[in-house]
Amino acid sequence: MACRFRLTNVQDSGNPRASDQDHFKAVNDDFGHPAGDAVLAATAARLTAWAGPRAAVGRLGGDEFAIVLELPAARLEQRLAQLVRMLHTPVVLDDGRTVDVAASVGAATPHTVGSRDLSLLQRAADAALYDGKHSGHAAVASPAHTTVPSINGRRAGRPGTAVWGRAA
């Protein structure tokens, strides 16, 4: 019940962000699955720290995360740049090895896409993320990102989105 109430409040003024680890398969292949798990845990901790206590942060699956929070438009670019820097900080494993990491970030706000619908905002943030993939910068969605075909709220054509109703 508390979670539903919180999400309802966030939906009223939320600004979704999507995050996706770049080259995550290589982390698992080169360092092993325990290292991949450590990178995911570090990513979750960094996202939670960046977003603050009034945000909703969650793992969508695999190496993808979503954040919903209220962020003043005047601070959007600065805060997104801060997030990208945080997500590009190497992760030190328990055995002392260092894993270089990178992440792509997409963001959507009611102002930039012209809607307060949380599903539409998430879809736009996901489409923006893929537009900015591997750029080293966060991509902010435009109204055009709301028209990108999607399945289950995620950009169609991505692995796992070829069949309607199948989770990506």
Side-chain angles (χ1 to χ4, degrees), residues 6-7 10 14-113 118 121-142 145 148 150 152-155 157-161 167-168:
R6 187 165 184 184
L7 288 176
V10 170
N15 300 323
R17 310 283 176 272
S19 170
D20 175 71
Q21 289 295 124
D22 294 338
H23 312 293
F24 184 71
K25 183 179 181 323
V27 173
N28 280 331
D29 291 348
D30 296 347
F31 292 91
H33 289 277
D37 292 345
V39 167
L40 291 174
T43 299
R46 291 171 182 182
L47 292 172
T48 301
W50 177 83
R54 296 181 54 132
V57 178
R59 182 174 170 206
L60 296 175
D63 61 346
E64 296 182 48
F65 294 83
I67 307 166
V68 180
L69 77 158
E70 191 169 348
L71 189 61
R75 298 190 60 214
L76 180 66
E77 295 296 327
Q78 173 192 11
R79 293 282 284 138
L80 290 175
Q82 178 190 40
L83 176 60
V84 170
R85 283 192 305 275
M86 288 175 75
L87 296 176
H88 282 77
T89 303
V91 174
V92 179
L93 303 176
D94 288 340
D95 63 10
R97 293 181 296 167
T98 301
V99 180
D100 290 325
V101 294
S104 297
V105 175
T109 71
H111 176 73
T112 62
V113 300
L118 187 57
L121 288 164
Q122 180 180 335
R123 184 171 70 224
D126 187 64
L129 180 151
Y130 276 86
D131 274 357
K133 192 97 170 126
H134 307 294
S135 72
H137 298 90
V140 178
S142 68
H145 287 104
V148 173
S150 70
N152 293 337
R154 297 163 85 192
R155 186 181 56 81
R158 294 177 45 204
T161 62

Q: Which value, rounded to the nearest 0.5 Å, describes the distance between Leu118 atom CG and Arg123 atom CZ?
A: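 Taking CG in Leu118 and CZ in Arg123, the distance rounds to 11.5 Å.
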Q: Closer than 3.5 angstrom, by distance alone: can the side chain of Arg59 be matched with the main-chain N or O of Gly62 as a donor-acceptor pair?
A: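 Checked: pair present.
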Q: Walk me through whether Thr109 and Leu121 qualify under side-chain contact (heavy atoms from CB on, under 4.5 Å).
A: CA-CA 7 Å; Thr109 71; Leu121 288 164; 5.6 Å; no
Q: Which atom names give the shortest non-hydrogen contact between Asn28 and Gly36, and what distance separates them?
A: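 Looks like OD1-CA, 3.3 Å.
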Q: What pair of heavy atoms forms the shortest contact from Ala138 to Val84, and how long is it?
A: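 It is N-CG2, 3.7 Å.
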Q: Measuring from Leu69:CG to Arg54:CZ, what's the distance to the nearest 0.5 Å?
A: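 Answer rounded to 0.5 Å: 10.5 Å.
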Q: Please give me the minimum heavy-atom distance between Ala124 and Ala141, naming the atom from each residue.
A: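 It is O-CB, 3.5 Å.
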Q: Would you please name every residue forming a side chain to side chain contact (heavy atoms under 4.5 Å, CB included) with Ala38, sequence neighbours left out?
A: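 Applying side chain to side chain contact (heavy atoms under 4.5 Å, CB included) to Ala38 gives Leu93.
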Q: Just by modelled atom types, is the Ala108 backbone N or O under 3.5 Å from a matching donor or acceptor in the Thr112 side chain?
A: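 Checked: no pair found.
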Q: Measure from the side-chain N and O atoms of Arg97 to the backbone N and O of Ala35, and report whether any donor-acceptor pair falls under 3.5 Å.
A: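 Checking the backbone N and O of Ala35 against the side chain of Arg97, no donor-acceptor pair under 3.5 Å is found.
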Q: Assess the side chains of Arg79 and Gln82: does a donor N or O sit below 3.5 Å from an acceptor N or O?
A: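 Judged by distance alone, the side chains do pair up.
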Q: As an exercise, state the distance from CD of Glu64 to OG1 of Thr43, rounded to the nearest 0.5 Å.
A: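 The CD atom of Glu64 sits 12.5 Å away from the OG1 atom of Thr43.
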Q: Side chains of Gln122 and Val68: closer than 4.5 Å at any heavy-atom pair?
A: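 Sidechains of Val68 and Gln122: no contact.
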Q: Kindly compute the distance separating CG (Leu80) from CG (Leu71), expressed to the nearest 0.5 Å.
A: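 Those atoms lie 6.5 Å apart.
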Q: Over all heavy atoms of both residues, which pair between Phe65 and Leu40 is shortest? Give the atoms and the distance, please.
A: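 Closest heavy-atom pair between Phe65 and Leu40: CZ-O, 3.7 Å.
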Q: Less than 4.5 Å apart, side chain to side chain, heavy atoms only: is that true for Arg46 and Leu87?
A: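 The answer is yes, as the side chains (C-beta and beyond) meet within the 4.5 Å cut-off.
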Q: Under the salt bridge (charged side-chain N to carboxylate O under 4.0 Å, His left out) test, which residues partner Asp29, sequence neighbours left out?
A: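 Partners of Asp29 under the salt bridge (charged side-chain N to carboxylate O under 4.0 Å, His left out) test: Lys25.
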Q: Taking all atoms of both residues into account, what is the closest heavy-atom pair of Pro90 and Asp100, and its distance?
A: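 In this case the closest contact between Pro90 and Asp100 is CG-OD1, 3.6 Å.
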Q: Using the salt bridge (charged side-chain N to carboxylate O under 4.0 Å, His left out) criterion, which residues pair with Asp94? Sequence neighbours excluded.
A: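 Per chain and number, Asp94 pairs via salt bridge (charged side-chain N to carboxylate O under 4.0 Å, His left out) with no residue.
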Q: Hey, mind stepping through Ile67 and Thr48 against side-chain contact (heavy atoms from CB on, under 4.5 Å) and telling me if it holds?
A: CA-CA 9 Å; Ile67 307 166; Thr48 301; over 6 Å; no
